[in-house]
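Only one structure is covered here, and it is reproduced in the block below.
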Amino acid sequence: MTLAYWCVLIAMLLPWIAASYAKKSGGFGSDDNHQPREFLAKAEGKAARANAAQQNGYEIFAPFAAAVIIAHATENAAQFTINFWSVLFILSRLGYFYCYINDKSFARSCIWGFGVVCIIALYIAAI
C-alpha cells in the first residue's frame with residue numbers, strides 16, 4: 001500500500017478525531033449518547049467549531065480519495081508526486097482543524113484553499 005493510500009485512511013479518521021474532541025470539550029456524557037447529533041448541534045465554542053471541522057472533513061474526503069485513486073489508476077503520475085500532494089493534504093487538514101477549533105478564521109480559510117490545491121494537483125498529475 002502506498003503512502004498516498006495511507007493518507008486516504010488518515011483522512012477518513014480525522015473527522016472522527018474532531019468529533020471526539022468536540023464531544024470531550026463539550027462535556028459529552030453517557031446520557032448524551034442517546035442523541036449524539038442533537039448534543040453536537042447544541043455545542044458552543046470550541047466544541048461547536050470542532051464539530052464543524054468534523055463535518056468539513058467528511059465533505060472534503062470524497063474529492064481527496066477520488067483524486068488519489070485516479071492518480072494511481074491512470075499510472076500517469078509518479079508515485080513521489082502522488083505521495084507528496086497526499087501528505088501535504090493531510091498536513092493541511094491538521095492545520096485546518098487546529099485553526100478551526102481555535103477560531104483563526106482567516107488562516108483556516110487559507111489552509112482549506114491549500115488543501116483544495118493539493119486535490120487539484122493530484123488530478124492534474126493524473127493527466
Side-chain angles (χ1 to χ4, degrees):
M1 197 154 95
T2 68
L3 177 59
Y5 283 142
W6 284 107
C7 289
V8 171
L9 176 63
I10 292 166
M12 181 192 78
L13 297 174
L14 286 176
W16 297 340
I17 294 168
S20 295
Y21 181 87
K23 288 176 180 178
K24 183 176 180 179
S25 64
F28 188 84
S30 59
D31 288 342
D32 297 311
N33 203 36
H34 295 284
Q35 298 289 332
R37 292 180 188 219
E38 185 177 310
F39 171 85
L40 288 172
K42 294 178 184 175
E44 296 178 359
K46 285 189 175 195
R49 291 190 298 274
N51 184 46
Q54 169 202 196
Q55 292 169 346
N56 183 265
Y58 291 128
E59 294 163 0
I60 200 83
F61 174 75
F64 170 67
V68 170
I69 292 166
I70 291 167
H72 278 91
T74 63
E75 297 182 357
N76 291 333
Q79 190 61 55
F80 174 82
T81 302
I82 299 169
N83 291 343
F84 176 79
W85 289 109
S86 297
V87 168
L88 285 181
F89 176 80
I90 294 301
L91 293 174
S92 78
R93 295 310 299 167
L94 293 171
Y96 178 86
F97 283 176
Y98 173 82
C99 289
Y100 212 142
I101 291 167
N102 291 293
D103 202 17
K104 300 181 182 308
S105 60
F106 180 74
R108 179 193 81 221
S109 295
C110 291
I111 292 171
W112 179 87
F114 180 72
V116 172
V117 167
C118 294
I119 293 170
I120 293 169
L122 285 164
Y123 280 105
I124 291 170
I127 297 174

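Linking Ile, Leu, Val, Met, Phe, Trp and Tyr residues whenever their side-chain heavy atoms come within less than 4.5 Å leaves Ile10 and Ile101 in two separate clusters. Taking hydrophobic clusters as Ile, Leu, Val, Met, Phe, Trp and Tyr residues chained together by side-chain heavy-atom distances below 4.5 Å, Val117 does not share a cluster with Val87. Residues Ile17 and Leu91 share a single hydrophobic cluster, defined by chaining ILVMFWY side chains whose heavy atoms lie under 4.5 Å apart. Put simply, Phe106 and Ile111 are part of two different groups of oily side chains (I, L, V, M, F, W, Y) that touch within less than 4.5 Å, one to the next. Side-chain heavy atoms closer than 4.5 Å link hydrophobic residues (I, L, V, M, F, W, Y) into clusters, and following such links, possibly through other members, connects Leu13 to Trp6.
One finds the CG atom of Asn102 at 12.0 Å from the CZ atom of Arg108 (value rounded to the nearest 0.5 Å). The distance from the CG atom of Asp32 to the OG atom of Ser30 is 8.0 Å, given to the nearest 0.5 Å. Atom CE of Met1 and atom CG of Leu9 lie 6.0 Å apart (nearest 0.5 Å). For the atom pair CG of Asn76 and CD1 of Ile82, the computed distance is 9.5 Å after rounding to the nearest 0.5 Å. To the nearest 0.5 angstrom, Lys46 atom NZ is 12.5 Å from Lys24 atom NZ. Atoms CD and CZ, on Glu44 and Arg49 in that order, are 11.0 Å from each other to the nearest 0.5 Å.
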For this session: Decide side chain to side chain contact (heavy atoms under 4.5 Å, CB included) for Phe64 and Leu122; before the verdict, give the C-alpha distance in whole Å, the side-chain angles of both, and the deciding distance to 0.1 Å.
Result: CA-CA 8 Å; Phe64 170 67; Leu122 285 164; 3.9 Å; yes

For this session: Apply side-chain hydrogen bond (donor to acceptor under 3.5 Å, both in side chains) to Asn51 and Lys23, showing your working.
Result: CA-CA 8 Å; Asn51 184 46; Lys23 288 176 180 178; over 6 Å; no

For this session: Determine, stepwise, if the pair Phe61 / Leu14 fulfils side chain to side chain contact (heavy atoms under 4.5 Å, CB included).
Result: CA-CA 10 Å; Phe61 174 75; Leu14 286 176; over 6 Å; no

Exercise. Ile60 and Val116: side chain to side chain contact (heavy atoms under 4.5 Å, CB included), yes or no, with the steps?
Worked result: CA-CA 8 Å; Ile60 200 83; Val116 172; 4.2 Å; yes

Problem set entry | Derivation of the side chain to side chain contact (heavy atoms under 4.5 Å, CB included) call for Trp85 and Ile119 | CA-CA 7 Å; Trp85 289 109; Ile119 293 170; over 6 Å; no

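Across every non-hydrogen atom of Pro15 and Gly57, the tightest pair is CG-C, 3.7 Å. Heavy atoms only, all atoms of each residue included: Ala4 and Ser86 are closest at CB-OG, 3.3 Å. Residue Leu88 comes nearest to Cys118 through the heavy atom pair CB-SG, 3.8 Å, listed as atom of the first residue, atom of the second, then distance. Across every non-hydrogen atom of Ala77 and Ala125, the tightest pair is CB-O, 3.3 Å. Contact detail for Ala66 and Tyr123: the closest heavy-atom pair is CB-OH, 3.5 Å. Residue Ala71 comes nearest to Ala126 through the heavy atom pair CA-CB, 3.8 Å, listed as atom of the first residue, atom of the second, then distance.
Residues passing the salt bridge (Lys or Arg N to Asp or Glu O under 4.0 Å) test with Glu59: none are found, sequence neighbours excluded. Residues forming a ring pair (Phe, Tyr, Trp, His ring centres under 6.0 Å) with Tyr5 (at least two apart in sequence, or on another chain): His72.
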For a quick test of your reading: what N or O donor-acceptor pairs under 3.5 Å do the side chains of residues 92-99 make, sequence neighbours left out?
residue : atom : partner : partner atom : Å
Ser92   : OG   : Phe89   : O            : 2.6
Arg93   : NH1  : Asn56   : OD1          : 3.0
Arg93   : NH2  : Asn56   : OD1          : 2.8

